[in-house]
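In this chain, residues are counted from 1 in sequence order. What you are looking at is a predicted structure, and each value in this text was computed from that prediction instead of being measured.
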Amino acid sequence: NAPIFHEAACRVLVEAAEHEDGSDTPGSILGFAASLAFYATRVLTTMAPHSHNVEALAESAVLLHGHVLAAVPPETRLSAQQREHSGNSEDGRRGDEPGRTVLEEGVLSLLMVLEQYPHSSKLSSEVCCTLVFAAANNPSVRPILVTCQAGDALLAVAERFSEDAH
């Protein structure tokens, strides 16, 4: 699980998505949007915080989210998520209750980046662009943003960088 390899993998996937220019045919990057969003979320939540190349790894995962998150169907849950959450009572659920969707976890992981790396203008900018693009292209993103009070987090970013500019 060398973080440098995950950073490279995310960047290769981003380049492939850019080359495919939005194609969602079977075998394309967007054809695997849910799995890739799950992967990008795990990179942000489990690998990036403990890596030596934390900002580069987080940036590559955020960029990957920027290409795939808007294409994730709203109620998608993957078997890998269910295996992770089975019997896990840390989030207040019973083991047989469904956890968050891939889309919810993806949005929350992006908001977590804003909290964990508050002084990185580059990461903040990428997260904001990704959230705006996802919300504009997937109507299911906006209710998630409202539920988790993303407006407050985004306003805090704008205020922080506005103050830094003066």
Next on the checklist: Donor-acceptor check, side chain of S51 to backbone of A48, threshold 3.5 angstrom: yes or no?
Outcome noted: yes
Checklist outcome for this item: On a heavy-atom basis, the closest approach of V43 and A61 is CG1-CB, 3.7 Å
Item to check | Heavy-atom check, side chain of S35 versus side chain of L78, under 4.5 Å | outcome: yes
Next on the checklist: Using side-chain heavy atoms (C-beta onward) and a distance below 4.5 Å, is Q116 in contact with V113?
Outcome noted: no
Item to check | Nearest atoms (heavy-atom pairs only) where G106 meets L69 | outcome: CA-CD1, 4.1 Å
Item to check | L44 CG to Y39 OH distance, which is reported to the nearest 0.5 Å | outcome: 10.5 Å
Checklist entry - Where do L30 and G22 come nearest, in terms of heavy atoms and distance? => result CD1-O, 3.4 Å
Output side-chain donor-acceptor pairs under 3.5 Å for residues 126-139, partner residues at least two apart or in another chain, one line each.
| from | atom 1 | to | atom 2 | distance (Å) |
| --- | --- | --- | --- | --- |
| T130 | OG1 | E126 | O | 2.9 |
| N137 | ND2 | F133 | O | 2.8 |
| N138 | OD1 | S140 | N | 3.0 |
| N138 | ND2 | A70 | O | 3.1 |
| N138 | ND2 | V72 | O | 2.8 |

Checklist outcome for this item: One should read off an interatomic distance between S79 OG and F38 CZ, to the nearest 0.5 angstrom, of 8.5 Å
Tell me which donor-acceptor pairs under 3.5 Å the side chains of residues 142-153 have, and how far apart each pair is, sequence neighbours excluded?
| from | atom 1 | to | atom 2 | distance (Å) |
| --- | --- | --- | --- | --- |
| T147 | OG1 | P143 | O | 2.8 |

Item to check | Heavy-atom pair of closest approach, residues P3 and N53 | outcome: CB-OD1, 3.4 Å
Checklist entry - Of the non-hydrogen atoms in H65 and A37, which two are nearest, and what is the gap between them? => result CE1-O, 3.3 Å
Next on the checklist: For a 4.5 angstrom cut-off between non-hydrogen side-chain atoms, does M112 reach L108?
Outcome noted: no
Checklist entry - To the nearest 0.5 Å, what is the distance between CZ (R100) and OG1 (T41)? => result 11.0 Å
Checklist entry - Is Y117 close to S124 at the side-chain level, that is, under 4.5 Å between some pair of heavy atoms? => result no
Checklist entry - Side chains of L57 and H6: closer than 4.5 Å at any heavy-atom pair? => result yes
Checklist entry - Once you round to the nearest 0.5 Å, how far does OG of S120 lie from CD of E59? => result 7.5 Å
Item to check | Salt bridge present between E105 and R77 (N-O < 4.0 angstrom) | outcome: no
Item to check | Distance (rounded to the nearest 0.5 Å) between S28 OG and E20 CD | outcome: 5.0 Å
Checklist entry - Taking NZ, NE, NH1 and NH2 as the nitrogens, is one of them in R11 or E15 under 4.0 Å from a carboxylate oxygen of the other? => result no
Item to check | Closest approach of A34 to T76 (non-hydrogen atoms, all atoms of both residues) | outcome: CB-CG2, 3.7 Å
